[in-house]
Amino acid sequence: MTAFNLLSEPIRKYIRDQRWESLRKIQEASIPRILGTDNNYVIISKTASGKTEAAFLPILSKVNFKERGVKVLYISPLIALINDQFLRVEKLCEYLDVKVTKWHGEASKAQKDHLIKNPEGIVLITPESLEAMFVNRPQNIHHLFSSLDYIVIDEIHSFLGSERGIHLKSLLNRLQQINSNRFSVVGLSATVSDVNQYAELKDYLGNSENTMILRDTTPKPINALFKYFPGSVEELSLDLLKDLYVRTRDSKILVFPNARGRVEEVAVKLKKISERVGGHQNYFSHHSSVDKEVREYVEFFAKSAKDENFCISCTSTLELGIDIGNVDEVVQIDATHSIASLIQRVGRSGRREGKSSNLYLYSTDRWSLLQSIACWLLYSEQYIEPIQITEKPYDVLVHQILSIVKGSSGLYLNELLTKIAGNSTFNHITEEEVREIIVHLQEIDFLEKLGHEYIIGVEGEIVVNHKDFYSMFHTPTFFKVSSQGVKIGELPLSPQIKEDENIFLSAKIWKIKYVDFEMNKIEVLPARDGKKPIFLSDGADSAHRIREKMLEVLFSNVQYEFLDKDGQLILDDMRTEFAVFSLNNFGSERPLMNSNDNLELFSFAGSKINKSIGFIYDYLGVEYNYFDHQSSFTFKQNTEINSVHSIISFNMSDSQINDVIRKHLELNPKLINVSKWGTYLPLKFQIEILKKIEYDFEGCFNFLRNLKLVENN
DNA sequence: GACCTGCTGCGGCGTG
């Protein structure tokens, strides 16, 4: 029997009405499996290949929606994605007379109230809204979600390896605890291509033995074209902008310049060029600091543009599956920090079936060029970074303890311990440790004992009742920028924020008229000329494998046909410069430039390993400057070469590392602020969290164990 | 020089 015939009649009618000629490969695979078993599935297939339908066609055929209670819960990392998927799923559900309800912070209160009165059908929700319900309306969790058949998690890769993902895993566990019949989970992703990630994925869904991976590996045809235009940190070169303008003139295009300030620079300057030569004016910027309504307008414009071309300069806000329709080309300015990110960005282009498209990789300096080449080669090899596993997520545990206690009206220690022990998210944290954390929370008045029962303490109430409670991540407070009542976006306080300064924001130029420091507001007026805005932010860590690949490229003599002439010349220059080192083993050997009292070590290691190496040099009292961009350490004049070598095979015991970090934390308690909930942990657990977030000591010692520094001859 | 993600409850106001 074909997959189509297995589906229920209303769903088949839907497919006929859509006039689909056939089902997609991934749908053919998923339909008989989801219909025939109660296994968990992860559906991996590239963007726009019908993943949503691969999950929903069989689920809607299978589930009995006549029963009371919500039957299918769809979880998404983005509100925008919920709004898109709502339209698609609702259209499908019209054929079945099944109710679909959006449940997120911006969704209609009336619709939510209606669902409470009639718990039924499908609900689309964010992890944070789910958390809020656990905390504020635990009775609704039971009322709505205690007879679930399926949970669908969209863009599941965006949760893996992050604190937000650990949080969601805990929420899934807590939902499973209140469902008498086990529900199945279906994850959707475009960005899990490495078999090494499968074990972690299966574990994430909570039922490893019964989780199957369905993967469509059809490669995506895309041509890479490299362009090299040296520029300064402050400004892109005019030649780059002119060249880029030509790409954007006649197509629908996304440009990824990696930083919000640069995103604005690209959008404003291309628009200016276009204005001068009479081209289209559809140049937009899209990032977290552009006003939400402006962003929605940009998305709407892109989605509905038929014959009109456009160019959106953006950050990772347009990496995930928000529907912006067809994009012809993708431009990446300077290298991405991970291959996963590159895969997502490439996935945005050539969405038209079978059409190949171009990826333009611009570089503005030589190290970035080298990193871009490494990224492209790894992408072509279908490499993807391993998922970072946190065995002991103490900070998420603190948050979940508060959530559980708040959601119950008082509970005994044993009840609390049982709930945590039954949650596989915290499997590796011992009961002893959980008890220590509970005692600490009591000491800082986050928990309080009323008779024999735990309730939220005085200090805890303040935190738990704040709207910031529901998420795992911090968000800085910015100044709201508006012009005559129209919201434009927001900017962080920087020396740039003063009256009469001109800045770019939302692809337009503004003069600051007034800064209201009381209300955190900035009033602006349109202007003709200005500068890109300054966003003070941390940026992402570069992956280890990318750095290793850069070394391999540097010491290879392969000529890449995808490079332009300037790029080829620059690469040749770098190769000549590094030819003074005889390297044979790229796994263990690293160049140490020794010239005229100048010592420079090129570690070609990931950012976290480099931070760990820096930590060790600090410990050994060796002074250095670190440059993440080129993965190098330079040392002060008169530094003994032996000191530089001293990290080789160096090892520190866990307790030595802990002692050093403890001292750092005692001197500067704010260090733990990198973790929103780590702040409320006992010091010894704060140390563990810092080791995980800031450093990679295990990777570092593995690297140092075999490290050989090769000097120039 | 450097990314991103979400948000309750309630009071007050305008409108039907």
Side-chain angles (χ1 to χ4, degrees), chain A residues 75-83 102-107 109 112-113 124-138 140 154-155 157-168 171 231-236 256-263 265 285-290 292 295 313-322 332-338 340-342 344-345 364-365 367-368 371 399 403 406-407 461-476 492 494 496 532-542 607 626-630 676:
Chain A
I75 301 175
S76 149
L78 301 176
I79 288 179
L81 198 54
I82 288 183
N83 295 342
K102 285 187 273 191
W103 192 295
H104 56 65
E106 293 163 14
K109 178 89 168 47
K112 291 179 183 172
D113 290 342
L124 318 183
I125 202 165
T126 59
E128 287 73 18
S129 280
L130 195 52
E131 174 64 57
M133 203 189 286
F134 266 109
V135 172
N136 298 315
R137 296 275 185 271
N140 282 351
D154 209 349
E155 305 278 5
H157 64 275
S158 74
F159 292 113
L160 297 173
S162 75
E163 299 218 303
R164 197 178 184 203
I166 298 169
H167 180 203
L168 176 58
L171 295 175
S232 69
V233 169
E234 291 76 32
E235 274 193 302
L236 291 166
F256 290 95
N258 286 352
R260 283 169 287 178
R262 187 138 272 180
V263 162
E265 184 190 0
S285 73
H286 193 287
H287 55 78
S288 64
S289 299
V290 171
K292 196 173 169 60
R295 280 157 71 178
S313 176
C314 57
T315 58
S316 47
T317 47
L318 284 185
E319 239 177 55
L320 294 182
I322 305 169
Q332 175 65 45
I333 300 180
D334 289 330
T336 55
H337 298 283
S338 72
S341 181
L342 184 59
Q344 288 290 131
R345 293 175 185 191
T364 64
D365 78 72
W367 285 97
S368 164
Q371 185 157 334
H399 179 260
S403 165
K406 174 74 184 180
E461 283 289 345
I462 301 168
V463 170
V464 172
N465 291 329
H466 196 272
K467 64 180 167 66
D468 256 355
F469 180 72
Y470 315 108
S471 73
M472 293 310 300
F473 43 87
H474 276 302
T475 22
S494 73
Q496 194 183 30
K532 68 175 183 184
I534 300 166
F535 290 96
L536 313 141
S537 158
D538 273 349
D541 287 334
S542 282
S607 304
Y626 170 60
F627 304 95
D628 187 64
H629 192 55
Q630 54 194 65
K676 184 164 156 185

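Heavy atoms only: backbone and side chains are in, while hydrogens, waters and symmetry mates are out. The sequence lines fix the lettering, A, B, ..., with proteins before strands; numbering per chain opens at 1.
Atom CZ in A:Arg262 sits roughly 11 Å away from atom P in B:dG1 (whole-Å rounding). Distance A:Tyr626 OH to B:dA2 P: 17 Å, rounded to the nearest Å. Remark: P of B:dA2 and CG of A:Asp365 are 13 Å apart, rounded to the nearest angstrom. In this structure, A:Ile534 places its CD1 atom 8 Å from P of B:dG1, rounding to the nearest Å. The nearest whole Å value for the distance from the NE2 atom in A:His337 to the P atom in B:dG1 is 15 Å.
There is no side-chain donor-acceptor pair under 3.5 Å between A:Ser341 and A:Ser338. Remark: the A:Asn83 side chain and the A:His104 side chain contain an N/O donor-acceptor pair separated by less than 3.5 Å. Using modelled atom types, one finds no donor on one side chain facing an acceptor on the other under 3.5 Å when comparing A:Asp154 with A:Ser76.
Salt bridge A:Arg164/A:Glu128: present, at least one basic N to carboxylate O contact under 4.0 Å. Salt-bridge annotation for A:Lys292 and A:Glu106: present, with a side-chain N of the basic residue lying under 4.0 Å from a carboxylate O of the acidic one.
Remark: of the listed residues A:His287, A:Arg260, A:His286, A:Arg295, A:His286 is the sole one forming a side-chain hydrogen bond (donor to acceptor under 3.5 Å, both in side chains) with A:Thr317.
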Scan nucleotides 4-16 of chain B nucleotide by nucleotide, 5' to 3', and note B when protein non-hydrogen atoms come under 4.0 Å of the base, S if they reach only the sugar-phosphate, - if neither. SBBBBS-------

